[in-house]
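Notes for the one structure printed next.
In what follows, residues are counted from 1 in the order of the sequence shown.
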Amino acid sequence: MLELHWLKTFVTLARLEHFGKAANELHMTQPNVSLHIKQLEQTTRVKLIERNPFRLTQAGERLLRSAHNTLMELQSCQADLNAINDLCQGTMTIAASDIISRWLLIGPFQSFKTEFPGIDLTLLNTTSSQAADLVKSAKADLGFVMAQKESQPLHFTELKQVKWYALGNDLKAWQRGKVPSPQEAPTLILLGHDTRTRDLIDPALPELKLPEYRIMEVGSVDAQIDWAEAGFGIAIVPDFALHPKLNLQSSITPLPSFPSASLGYIVRQNQVLSKAIKKLLHWVDEEILQSPSVG
């Protein structure tokens with residue numbers, strides 16, 4: 001009989017390819033990691049790994065596929081059982097980008113902690129694609145994403161349509177070609193990896209009708225806004241990024257011709273939503289409705 005803790009040790013070791021690193025991640029001693037692998041090899045009666053250099057044998061590769069699927073399915077099952085039981089204690093894990101979580105989740109999290117004091121909230125700062133992977137593997141109970149297409153094994157629910165704005169002065173002058181010199185052509189500061197929108201924005205840039213422009217990624221929406229406020233160029237930002245910002249000095253220009261995107265949440269297909277998750281989503285809806293308009 002294969003023990004689940006042996007499989008977990010094996011999967012972790014296969015990913016890290018190092019006994020010491022696996023021991024640290026699993027909060028075990030290195031000899032115990034070796035013991036689990038030895039017990040697994042004795043039970044299966046096949047050699048699973050080569051140690052110098054580290055690599056999985058053919059049998060190890062085969063076991064890894066089954067072990068990974070088994071552990072993921074058990075984790076998903078446990079998450080659904082917790083939801084069915086409506087546990088009042090435990091942990092709820094949410095995956096979202098930094099800008100989405102700060103705009104959308106602070107208020108709902110405060111309400112959540114008041115009504116569900118026994119449930120701890122874990123917030124993972126991720127891109128949309130990373131959030132999807134975490135929800136698929138049941139490592140996150142809920143993911144908030146932008147432009148997430150409907151796909152198995154995930155279910156996407158739209159919360160709002162995202163509109164785009166240009167933040168920065170002198171956009172109209174640049175559009176008319178009135179720049180001091182070619183060396184001072186405007187730089188467009190585009191969204192970085194945290195909201196995964198380069199593929200949405202790039203095809204729309206010709207809509208700005210700039211005679212010349214350069215592109216710089218700065219990694220986060222807050223950084224975009226800071227660079228635009230410093231007069232460096234034009235930041236293309238989603239509407240919700242501007243809601244919490246006070247006393248912006250730069251001009252805000254709506255971009256109605258830019259493609260809209262969807263902001264929403266993802267769960268696993270057929271996932272059982274707990275009372276706590278449903279209540280959190282209710283507060284998120286309220287947070288969106290209460291958000292002020294840009295302009």
Side-chain angles (χ1 to χ4, degrees), residues 1-85 87-98 101 118-143 145 151-154 193-194 266-272 274 277:
M1 178 73 70
L2 300 182
E3 299 286 343
L4 286 177
H5 57 284
W6 297 349
L7 293 178
K8 184 176 181 180
T9 299
F10 174 68
V11 169
T12 303
L13 179 61
R15 173 167 53 85
L16 297 176
E17 298 184 348
H18 191 280
F19 280 82
K21 292 178 181 178
N24 287 335
E25 182 166 314
L26 294 167
H27 306 290
M28 296 169 55
T29 64
Q30 191 166 325
N32 275 342
V33 171
S34 297
L35 178 60
H36 281 190
I37 301 304
K38 181 179 179 181
Q39 290 170 321
L40 198 53
E41 289 180 328
Q42 288 176 341
T43 303
T44 58
R45 292 181 292 183
V46 291
K47 190 178 182 70
L48 299 172
I49 65 170
E50 298 287 355
R51 286 166 169 75
N52 292 306
F54 184 96
R55 70 175 183 86
L56 296 182
T57 64
Q58 184 179 4
E61 293 282 1
R62 177 63 184 86
L63 178 61
L64 180 62
R65 291 195 296 272
S66 293
H68 185 272
N69 291 337
T70 297
L71 293 172
M72 188 168 67
E73 181 62 27
L74 285 173
Q75 191 164 0
S76 299
C77 179
Q78 184 62 62
D80 286 341
L81 291 176
N82 291 344
I84 291 170
N85 289 332
L87 295 182
C88 59
Q89 291 186 338
T91 300
M92 182 187 297
T93 301
I94 312 295
S97 73
D98 180 65
S101 62
I119 300 179
D120 293 326
L121 288 168
T122 297
L123 181 61
L124 304 177
N125 185 6
T126 67
T127 64
S128 291
S129 57
Q130 289 168 343
D133 289 339
L134 290 167
V135 172
K136 285 178 187 176
S137 63
K139 293 178 181 177
D141 300 291
L142 190 64
V145 299
S151 62
Q152 294 284 354
L154 298 177
H193 66 276
D194 65 345
I266 49 174
V267 295
R268 286 175 288 110
Q269 290 281 15
N270 304 318
Q271 177 179 340
V272 180
S274 67
I277 289 181

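- Around atom CD of Gln42, more than 12 heavy atoms belonging to other residues, nucleotides or ligands sit under 6.0 Å away.
- Within the 4.5 Å cutoff, side-chain heavy atoms of Met92 are placed close to those of Ile277.
- Contact annotation: the side chain of His36 never approaches that of Glu3 to less than 4.5 Å [non-hydrogen atoms, C-beta and beyond].
- Among the candidates Leu13, Leu48, Val11, the single residue satisfying the side-chain contact (heavy atoms from CB on, under 4.5 Å) test with Leu64 is Val11.
- The distance from atom CG of Asp141 to atom OG1 of Thr122, rounded to the nearest 0.5 Å, is 9.0 Å.
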Full working for side chain to side chain contact (heavy atoms under 4.5 Å, CB included) between Thr12 and Val33: CA-CA 10 Å; Thr12 303; Val33 171; over 6 Å; no

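- Atoms OG and CG, on Ser101 and Asp98 in that order, are 5.0 Å from each other to the nearest 0.5 Å.
- Between Asn32 and Leu26, the closest side-chain pair of non-hydrogen atoms is not below 4.5 Å.
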Verdict with supporting geometry, Met28 and Thr9, side chain to side chain contact (heavy atoms under 4.5 Å, CB included): CA-CA 10 Å; Met28 296 169 55; Thr9 299; 4.0 Å; yes

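- Between Leu56 and Phe10 the shortest side-chain heavy-atom distance falls below 4.5 Å.
- Once rounded to the nearest 0.5 Å, the distance linking CG of Leu124 with OG of Ser97 reads 12.5 Å.
- With respect to the salt-bridge test (charged N to carboxylate O, under 4.0 angstrom), the residues Glu25 and Arg15 qualify.
- When side chains are defined from C-beta on, Arg51 counts as touching Ile37, because their heavy atoms get closer than 4.5 Å.
- Put simply, the side chain of Val46 does not reach to within 4.5 Å of the side chain of Thr57, judged on heavy atoms.
- The heavy-atom pair separating Ala131 from Val145 by the smallest distance is CB-CG1, 3.9 Å.
- How far CD1 of Ile94 is from CG of Leu123: 7.5 Å, rounded to the nearest 0.5 Å.
- Formation of a donor-acceptor pair under 3.5 Å by the Asp120 side chain with backbone atoms of Thr91 is not found in this model.
- Atoms CG and CG, on Leu7 and Leu40 in that order, are 6.0 Å from each other to the nearest 0.5 Å.
- Closest approach of Lys21 to His18, counting heavy atoms only: N-ND1, 3.0 Å.
- With rounding to the nearest 0.5 angstrom, the CD atom of Gln58 is 13.0 Å from the CG atom of Leu63.
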Side chain to side chain contact (heavy atoms under 4.5 Å, CB included) evaluation trace for Lys136 with Arg268: CA-CA 6 Å; Lys136 285 178 187 176; Arg268 286 175 288 110; 5.6 Å; no

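- Sparse packing is recorded around NZ of Lys38, with 12 or fewer heavy atoms of other residues, nucleotides or ligands lying under 6.0 Å away.
- Looking at heavy atoms from C-beta onward, Leu154 lies out of side-chain contact with Gln269 at the 4.5 angstrom threshold.
- For the pair Ile49 and Arg55, the minimum side-chain heavy-atom distance is 4.5 Å or more.
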